[in-house]
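Bear in mind that the values here come from a model prediction, so they are computed numbers and not experimental data. Sequence positions, counted from 1, serve as the residue numbers for this chain.
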Amino acid sequence: MTEFSFRASRSLGLRLWHWLNFAVLSALLATVLLRDELVDVRENRDLIQQKLATLGAVITPDQAKAAARLYLERLWDWHVDLGLVLAALLVLRLVVAVVAPAGTGLFAKLRLAARAVKTTPTARKFAAVKASHVAFYGILTLIVVTGLLLAYAKKLGIADGLRHEIGDIHEVAMYGILAFIALHLIGVVRAEKTTDPGLVSGMIHGD
């Protein structure tokens, strides 16, 4: 393994962090998809009214709408809880990067990439990969910060107008994460088939 290997560290801790982070991000995205594609308040309102009518119960559209919104509220609670887990994982990763032994941590690899970027094609590729990691952590930080602001907007006294702007930023950052995941998967598959066979298995069981 050379100093410009694209293999991630195979330590158990980093592998667990990697897969936990992937699982949490996937679950967060699932809650968003469920909210946007499956949990339609108007449709559920009508379904609730119709179902209760067959049981002999009559409720107003506003009451049915309030009941339908319970689905959204449950999804929102799950989204917030998962967001708190994501925030904890991000803080843990940054702490590990700071306290890692000299020359082995994330920041040391970034310095190595910056110094070597103009040397060889392999070094430039290495630097590009590390730059993508910086972008990922930057976007992830943006998602966590804006998500926390949205989750606690009322307690923080954030005005509705500002909250909507924060929500827009949060949504754009989510698309950034989706783009990174797509590029990351493409890069991993390409590396597995060319320069780094065994990369995926190494991140799973550490061999």
### Task
Grab the two heavy atoms, one from P61 and one from Q49, that are nearest each other, plus how far apart they are.
N-NE2, 3.5 Å
### Message
What's the separation between atom CG in L75 and atom CG in L70, rounded to the nearest 0.5 Å?
### Response
11.5 Å
#### Entry: Qualifying residue for side chain to side chain contact (heavy atoms under 4.5 Å, CB included) with H79, from L28, L84, L34
L28
### Query
Roughly how far apart are I186 CD1 and I181 CD1, rounded to 0.5 Å?
12.0 Å
### Query
Quick one: do D160 and R163 make a salt bridge, cutoff under 4.0 Å?
yes
### Hydrophobic cluster membership, L183 vs F136, 4.5 Å side-chain cutoff
no
### Query
Under 4.5 Å between side-chain heavy atoms, hopping through other hydrophobics if needed: is there a path connecting L162 to L142?
no
### Task
Hey, could you give me the CD/OG1 distance between E165 and T146, rounded to the nearest 0.5 Å?
13.0 Å
### Summary
Distance col, row L156:CG vs K154:NZ, nearest 0.5 angstrom, shows 12.5 Å
### Query
What are the two closest non-hydrogen atoms of I48 and I59, and how far apart are they?
CG2-CD1, 4.0 Å
### Message
Do F180 and L185 land in one hydrophobic cluster if side-chain heavy atoms of ILVMFWY residues count as linked below 4.5 Å?
### Response
yes
### Task
Following the transitive rule for hydrophobic clusters with a side-chain heavy-atom cut-off under 4.5 Å over Ile, Leu, Val, Met, Phe, Trp and Tyr, establish whether I143 and I169 coincide in one cluster.
no
### Query
Do the ring planes of Y137 and W17 sit parallel (below 30°), tilted (30 to 60°) or perpendicular (above 60°)?
tilted
### Query
Do L140 and N21 come close enough that some side-chain heavy atom pair is under 4.5 Å?
yes
### Query
Of all heavy-atom pairs between V24 and L82, which one has the smallest distance, and what is that distance?
CG1-O, 3.5 Å
### Query
Going through the checks in order, is the side-chain contact (heavy atoms from CB on, under 4.5 Å) test met by Y175 and L178?
CA-CA 5 Å; Y175 287 115; L178 287 174; 4.0 Å; yes
### Message
Checking side chain to side chain contact (heavy atoms under 4.5 Å, CB included) between I139 and each of V144, V172, I177, which is the one that passes?
### Response
I177
### Query
Atom OG1 in T60, atom CZ in R45: separation rounded to 0.5 Å?
10.0 Å
### Message
Test of understanding: clusters of I, L, V, M, F, W, Y form through side-chain heavy atoms closer than 4.5 Å, transitively. Do L148 and L90 belong to the same one?
### Response
yes
#### Entry: Note, L149 side chain near V145 side chain (heavy atom, < 4.5 Å)
yes
